[in-house]
Amino acid sequence: MPERILITGGAGLIGLATTRQLAAAGHELVVLDLPEQVDRAGHLLPDGVAAIPGTILDAPLLRDAIAGCSAVVHLAARLGVRRTEADKLGCLRVNIDGTATVLDAAIDAGAKRIVFASSSEVYGEPLHNPITERDITQGKTVYAVTKLAGEELCHAFAQRHGIEAVVLRYFNCYGPNQVAQFVVPKWVWEVEHGRRPIVNGDGSQVRSYTFVDDTAAATAAAVTHPDAPGQTLNISNGAEPVSLLNLADRVITAAGKIGTITPDVRADFAGTDRAKDREIDHRFCHGELAQQTLDWTPQVSLDDGLQRMVAAMRAGELWEDWAA
């Protein structure tokens, strides 16, 4: 049955893709995002979606946006190492106070379910791989701490008020319309412009990258699937863990630049927003619980996803502020 759904952060990478998938399923959608984000990407939202510029810290605006909604997909957050570490109070306020404000509004509006966007960052450097949802959390950053706090807020509101809470821990989502502070779009931009992709560290760091359409499919499923409430789920294309050096090589391959460009491996992290003491060596999961719970399986391979990124850039479908 179609529902009215609020998506906070709905004009961002995952929000746009999730909005498209929920709209295609016939749901009525309301998107709340920062004014600059709505200005930048609002034209990419499906027809009929109500886009409201504002912040999740604006309680009256949030109450108006959520009126009549039976579910909330809460994606809005302060993210990025540089932005969150340089403004820890801002990160804490948006990601923790903002999440509490969303939950309060959801309860007042009588919403039945909230899907909360968490992150693989909560695991920090895992004790082993692949990670499962039962593994300990030991995040290294203020961003990770805020995501754990958001998870606990969702669980607490579910316990106290009966709202159905679903926590999704996203692993390295990438796709068109992602800004260049993230490694995949940055490297695609660099390679397409004839630059060598810079790999900091020794390049042996291992991650699992999930194309945004797959992340969005899991998110959309979490809104309505009867088995989702109460679950904390890793969302990942974990069948393809890849080292950063190999990822750089595959970006070069996707762009057709083999033999003309090679990765630029740098031992230090000078000039980046990363630091050696915060770097994670190996972190990936296989996502079996999400696949079982949501009847969801990633459909886009890493090589296919990288080729889509290159094609989108060549078609001029990527944001203009990608320049490194």
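Residue numbers run from 1 in the order of the sequence given. All of these numbers come straight from a predicted model, not from anything done at the bench.
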Work out which heavy atom in [X] is nearest to a heavy atom in [Y]; give both atom names and the distance.
{"X": "A65", "Y": "V30", "answer": "O-CG1, 3.8 Å"}
{"X": "C285", "Y": "P130", "answer": "CA-CB, 3.8 Å"}
{"X": "A239", "Y": "H286", "answer": "N-ND1, 4.1 Å"}
{"X": "T210", "Y": "N237", "answer": "OG1-N, 2.9 Å"}
{"X": "I163", "Y": "A106", "answer": "CD1-CB, 4.0 Å"}
{"X": "V31", "Y": "A11", "answer": "CG1-N, 3.9 Å"}

Quick check against the 3.5 Å criterion: does [X] have a side-chain atom that pairs as donor or acceptor with the backbone of [Y]?
{"X": "E85", "Y": "V142", "value": "yes"}
{"X": "K147", "Y": "A117", "value": "yes"}
{"X": "E151", "Y": "V167", "value": "no"}
{"X": "D281", "Y": "Q205", "value": "no"}
{"X": "Q138", "Y": "I136", "value": "no"}
{"X": "T8", "Y": "L75", "value": "yes"}
{"X": "R196", "Y": "T262", "value": "yes"}
{"X": "W296", "Y": "D214", "value": "yes"}
{"X": "R113", "Y": "A222", "value": "yes"}

Do [X] and [Y] share a hydrophobic cluster, counting only Ile, Leu, Val, Met, Phe, Trp and Tyr and linking them when any side-chain heavy atoms are less than 4.5 Å apart?
{"X": "L148", "Y": "Y143", "value": "no"}
{"X": "F116", "Y": "V72", "value": "no"}
{"X": "V73", "Y": "L6", "value": "no"}
{"X": "L289", "Y": "F284", "value": "no"}
{"X": "V199", "Y": "V188", "value": "yes"}

Between [Y] and [X], is there a salt bridge with N-O shorter than 4.0 Å?
{"X": "R195", "Y": "D264", "answer": "no"}
{"X": "E28", "Y": "R4", "answer": "yes"}
{"X": "E240", "Y": "R250", "answer": "yes"}
{"X": "E121", "Y": "R283", "answer": "yes"}

Counting C-beta onward and ignoring hydrogens, is there a side-chain heavy-atom pair between [X] and [Y] closer than 4.5 Å?
{"X": "T99", "Y": "T101", "result": "no"}
{"X": "V115", "Y": "H74", "result": "no"}
{"X": "P298", "Y": "V300", "result": "no"}
{"X": "W187", "Y": "L247", "result": "yes"}
{"X": "S204", "Y": "L245", "result": "no"}
{"X": "T18", "Y": "L22", "result": "yes"}
{"X": "S120", "Y": "I131", "result": "no"}
{"X": "L16", "Y": "N177", "result": "yes"}

Worked check of side chain to side chain contact (heavy atoms under 4.5 Å, CB included) between H27 and T224: CA-CA 11 Å; H27 298 290; T224 58; 4.2 Å; yes
Applying side chain to side chain contact (heavy atoms under 4.5 Å, CB included) to I7 and L32, what does each step give before you reach the verdict? CA-CA 6 Å; I7 304 179; L32 174 67; over 6 Å; no
Surrounding CD of E36 (heavy atoms of other residues, nucleotides or ligands, distance under 6.0 Å), is the total greater than 12? yes
Approximate separation, where rounding is to 0.5 Å, of [X] [atom1] and [Y] [atom2]:
{"X": "R93", "Y": "I56", "atom1": "CZ", "atom2": "CD1", "value": "10.0 Å"}
{"X": "S243", "Y": "D249", "atom1": "OG", "atom2": "CG", "value": "8.0 Å"}
{"X": "L92", "Y": "T146", "atom1": "CG", "atom2": "OG1", "value": "7.0 Å"}
{"X": "T19", "Y": "I14", "atom1": "OG1", "atom2": "CD1", "value": "11.5 Å"}
{"X": "L57", "Y": "L62", "atom1": "CG", "atom2": "CG", "value": "9.5 Å"}
{"X": "S208", "Y": "H282", "atom1": "OG", "atom2": "NE2", "value": "12.0 Å"}

With side chain to side chain contact (heavy atoms under 4.5 Å, CB included) as the criterion, how do I114 and E164 come out once you've worked through the C-alpha distance, each side chain's angles and the decisive distance to 0.1 Å? CA-CA 6 Å; I114 182 166; E164 298 174 348; over 6 Å; no
Who passes side chain to side chain contact (heavy atoms under 4.5 Å, CB included) against D87, sequence neighbours left out? R78, L89
Hits for side chain to side chain contact (heavy atoms under 4.5 Å, CB included) against H225, two or more places apart or cross-chain, chain-then-number order -> D227, A228, L294, D295
Evaluate side-chain hydrogen bond (donor to acceptor under 3.5 Å, both in side chains) for S70 paired with E3, printing each intermediate quantity in order. CA-CA 6 Å; S70 59; E3 301 182 31; 2.6 Å; yes
Among T215, N234, V212, find the residue that satisfies the side-chain contact (heavy atoms from CB on, under 4.5 Å) test when tested with Y170. T215
Side chain to side chain contact (heavy atoms under 4.5 Å, CB included) assessment of V166 paired with L168: CA-CA 7 Å; V166 188; L168 304 180; 4.0 Å; yes
For residues 190-223, which residue pairs pass the ring-ring contact (aromatic ring centres under 6.0 Å, His included) check, not counting sequence neighbours? Y174-F211, W189-H193
